[in-house]
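Beneath this line is the structure, given in structure tokens, with notes to follow.
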Amino acid sequence: MRFVSLFVLLGVAAAASVSSALSVARPFDPVAVDRFITTQMARHHIPGLAVAITHGDQVVFLRGYGEAREGEPVTGKTPFRIASLSKAFTATAVLQRVEAGQIELDAPVARYLPGFALDGSSVAERITVRQLLNHTSGLADAGFVNSLNGQQQTLADRVASLRHARPLDPPGTAFHYFDPNYQVLARLVEVASGLAFDEYLQQHVFAPLAMRDSASSLTSVVPAQLAARLAQGHIVAYGEALALPELSGFLGGSGGVVSTASDMAHFLISQGNRGKYSGNRVLSPEGVSLMQTPPAGVSSTYAMGWVASKVHGTRSFEHNGILSTFYADAVLLPERGFGVVLLYNAYALTASTGAFPETKNGVVALLLGQAPGVGKVTLPWLGRGLAALSALVVGLAIWSLLPLPQSTPRALNAPRWKRGWGLIWPLAPALFLLGLPRLLVMQTGRYFDLEMLARAMPELVILLGVCGVVGLFHVVTRLAKKIGPVGASAQMKRPQLPPTGTF
């Protein structure tokens, strides 16, 4: 009871602080925001973007830029895949069931899901609901690589697939961003509520928040009522957007929500307004505070569907969402009362590390009364640079094949180790490309297969692929020469008979 009372007092103090900050916030300039975003769209050749900005309990900016599909402009009502922004909705659903007394945050997940088991480990019995929400379950991509691309169709199937997962750390000791954590949570909501997860979100989250153009799906197949209006996704290759269908995959609870900028604004208002939107409460003030509080005792800023951060020196809660053809950003500025969501119908690694964060940070800067900063390198220029570099490297690789006919005889007489190395190094690009998914798991903790990587970084994959083909041709040519001249070598070593008539 003391803990609850303290929590309530802290919530009241935080609310007073926010109220005070709102009263002194600088005037919002929609013209400046519109001008900045329009410039960014032109600079980076972004195909489509929807933006919503909230302040207090009001939507103060809602606009679309570019095209949703060919000839159709983006509006605030255009549906986008919001990818991992979906996690905040899953967290909301779980905390609703906690507040209803159906789930305990610090209870083992296995209490509610008896089939929850891991690969030859009893750790599953110690993983709690809270640890799943905080991504501190100890599970990670590196311990589940072979099953991440499984084509499950239900949340129960996804939970069952975790019997092949290997924990990397004891529960509650380390942060690993792991999509199946939230897929298990979605199944937990189903079991606790007796409703399918998609139906639960519709009844208990989307409807109270008047999110009429939003829906959830367990897979990348979009619900029929939104499919016809869904923005066309793109990848970005060499600085230009290329329309492609989204990859198939299981997204239930972790990335399956489709929404609009207008609907997302309602959710941001509820998160900044102590769980309420237009008189409807979806979560208690304590529940919202909990969603935005990272775990204690763990080196992590990840709370529950939100990451505690700072933008331009101002406290914020953020999350982004990434799919192969969509990207999304959401930001809350609790001390200023602002919320921002940006929904893109394109994705590339070069954009998510440059143009997209630059645009988000620029909008936030304007809301804080600061000048937005922009980089000197745009996506088109970066694309041209990568194209030129790729052409140079491929040209050099092809040029290296030209002296093969002359150099091969000399190479055959080289030491064995040198001949072996001459057959291995041309294959290095292909070997690096094939090993890239595993290398990324070791370096970043996240797993992406070659198809995902080809969409996220097409320039690198194309470069390595072409160089790999050239290298393979190099090796085959050498081996052919090594086999072919055997007869010639034998002839060179065969004793020469004297000319006829010598004896």
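Along the sequence shown, residues are numbered consecutively beginning with 1. These numbers come from a predicted model, not from an experiment.
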Is it true that Arg97 and Tyr112 share a donor-acceptor pair across their side chains at a distance under 3.5 Å?
no

I'd like to check the salt bridge (Lys or Arg N to Asp or Glu O under 4.0 Å) partners of Glu99; sequence neighbours left out, ordered by chain and number.
none

Keeping Thr444 on the side-chain end and Val441 on the backbone end, is there a donor-acceptor pair under 3.5 Å?
no

In the structure I gave you, are the side-chain heavy atoms of Leu95 and Leu105 within less than 4.5 Å of one another anywhere?
yes

Flag, side chain of Ser217 to backbone of Pro223, donor-acceptor distance under 3.5 Å:
no

With rounding to the nearest 0.5 angstrom, report the OG1 to CG distance, Thr54 to Leu62.
11.0 Å

Any heavy-atom pair between the side chains of Pro171 and Thr128 that's under 4.5 Å?
no

Starting at CG of Asp57, measure out to OG of Ser270 and round the result to the nearest 0.5 Å.
12.0 Å

Residue set satisfying side chain to side chain donor-acceptor pair (under 3.5 Å) with Asn273, at least two apart, ordered chain then number -> none

Verdict with supporting geometry, Leu218 and Asp198, side-chain contact (heavy atoms from CB on, under 4.5 Å):
CA-CA 8 Å; Leu218 297 184; Asp198 299 342; 3.9 Å; yes

Under the side chain to side chain donor-acceptor pair (under 3.5 Å) criterion, do Thr359 and Gln40 qualify, and how do the steps go?
CA-CA 7 Å; Thr359 302; Gln40 287 293 95; 3.1 Å; yes

Answer with yes or no whether the side chains of Ser137 and Asn181 bring together a donor and an acceptor at under 3.5 Å.
yes

For Asn280 against Pro208, the heavy-atom pair lying closest together:
ND2-O, 3.0 Å

May I ask you to decide if the ring planes of Tyr182 and Tyr302 are parallel, tilted or perpendicular, using 30° and 60° as cut-offs?
perpendicular

Could you tell me which residues satisfy side chain to side chain donor-acceptor pair (under 3.5 Å) with Asn134, sequence neighbours excluded, listed by chain and number?
none

Could you walk me through whether Leu342 and Val331 pass side-chain contact (heavy atoms from CB on, under 4.5 Å), step by step?
CA-CA 9 Å; Leu342 301 99; Val331 184; 5.7 Å; no

Heavy-atom donor-acceptor pair, His44 side chain to Thr378 backbone, under 3.5 Å:
no

Test Met304 against every option in Thr293, Leu133, Thr90 by the side-chain contact (heavy atoms from CB on, under 4.5 Å) rule and name the one that passes.
Leu133

Where do Val236 and Ala346 come nearest, in terms of heavy atoms and distance?
CG2-CB, 4.3 Å

Search all heavy atoms of Tyr200 against all heavy atoms of Ala93 and return the closest pair with its distance.
CE2-CB, 3.5 Å

State the OH-CG distance between Tyr347 and Asn320, to the nearest 0.5 angstrom.
8.5 Å

Identify, with sequence neighbours excluded, every residue that meets side chain to side chain donor-acceptor pair (under 3.5 Å) alongside His266.
Tyr277

Considering only residues two or more places apart or on different chains, which pairs with a residue in residues 166-177 satisfy side chain to side chain donor-acceptor pair (under 3.5 Å)?
Ser84-Tyr177, Lys87-Tyr177, Asp169-His176

Non-neighbouring partners of Tyr344 that pass ring pair (Phe, Tyr, Trp, His ring centres under 6.0 Å), sequence neighbours left out
Tyr327, Phe356

With sequence neighbours excluded, residues passing salt bridge (Lys or Arg N to Asp or Glu O under 4.0 Å) with Lys360
Glu318

Does atom CZ of Arg281 have more than 12 heavy-atom neighbours, drawn from other residues, nucleotides or ligands, at distances under 6.0 Å?
yes

Can you list the steps and then say if Ser161 with Gln152 is a side-chain contact (heavy atoms from CB on, under 4.5 Å)?
CA-CA 8 Å; Ser161 74; Gln152 287 82 18; 3.5 Å; yes

Rounded to the nearest 0.5 Å, how far does CG of Leu132 lie from CZ of Phe116?
6.0 Å

Hey, are the side chains of Val184 and Arg187 touching, using non-hydrogen atoms and a 4.5 Å cut-off?
no

Quick one: closest heavy-atom pair of Leu226 and Ser214, and the distance?
CD1-C, 4.1 Å

Salt bridge (Lys or Arg N to Asp or Glu O under 4.0 Å) contacts touching residues 320-331 (sequence neighbours left out):
none

If only atom types and distance count, is the side chain of Ser390 paired as donor or acceptor with the main-chain N or O of Leu386 below 3.5 Å?
yes

At what distance, to the nearest 0.5 angstrom, does CG of Leu162 lie from CD of Gln183?
8.0 Å

Do any N or O atoms from the side chain of Glu358 and from the backbone of Gly375 form a donor-acceptor pair under 3.5 angstrom?
yes

Could you check Gln96 against Val189 for side-chain contact (heavy atoms from CB on, under 4.5 Å), going step by step and ending with a plain yes or no?
CA-CA 9 Å; Gln96 284 179 337; Val189 171; over 6 Å; no

Salt bridge (Lys or Arg N to Asp or Glu O under 4.0 Å) contacts touching residues 446-456 (sequence neighbours left out):
Asp141-Arg446, Asp179-Arg446

Which residues pass the side chain to side chain donor-acceptor pair (under 3.5 Å) test with Gln225, not counting sequence neighbours?
none

Pro167: what forms a side chain to side chain contact (heavy atoms under 4.5 Å, CB included) with it, not counting sequence neighbours?
Leu118, Ser121, Val123, Leu139

Value for CD (Gln370) from OG1 (Thr314), rounded to nearest 0.5 Å, stands at 6.5 Å

Check whether more than 12 heavy atoms from other residues, nucleotides or ligands sit under 6.0 Å from atom CZ of Arg438, and answer yes or no.
no

Answer yes or no: is there a donor N or O on one side and an acceptor on the other, between the side chain of Arg81 and the main chain of Ser220, under 3.5 Å?
yes

Contact summary for Gly339 and Leu332, nearest pair of heavy atoms
CA-CD2, 4.2 Å

Between Tyr447 and Phe144, does the ring centre distance come in under 6.0 Å?
no

By the salt bridge (Lys or Arg N to Asp or Glu O under 4.0 Å) test, which pairs, at least two apart or in different chains, include something from residues 115-138?
Asp106-Arg130

Side-chain (His234) to main-chain (Gln232) donor-acceptor, under 3.5 angstrom
yes

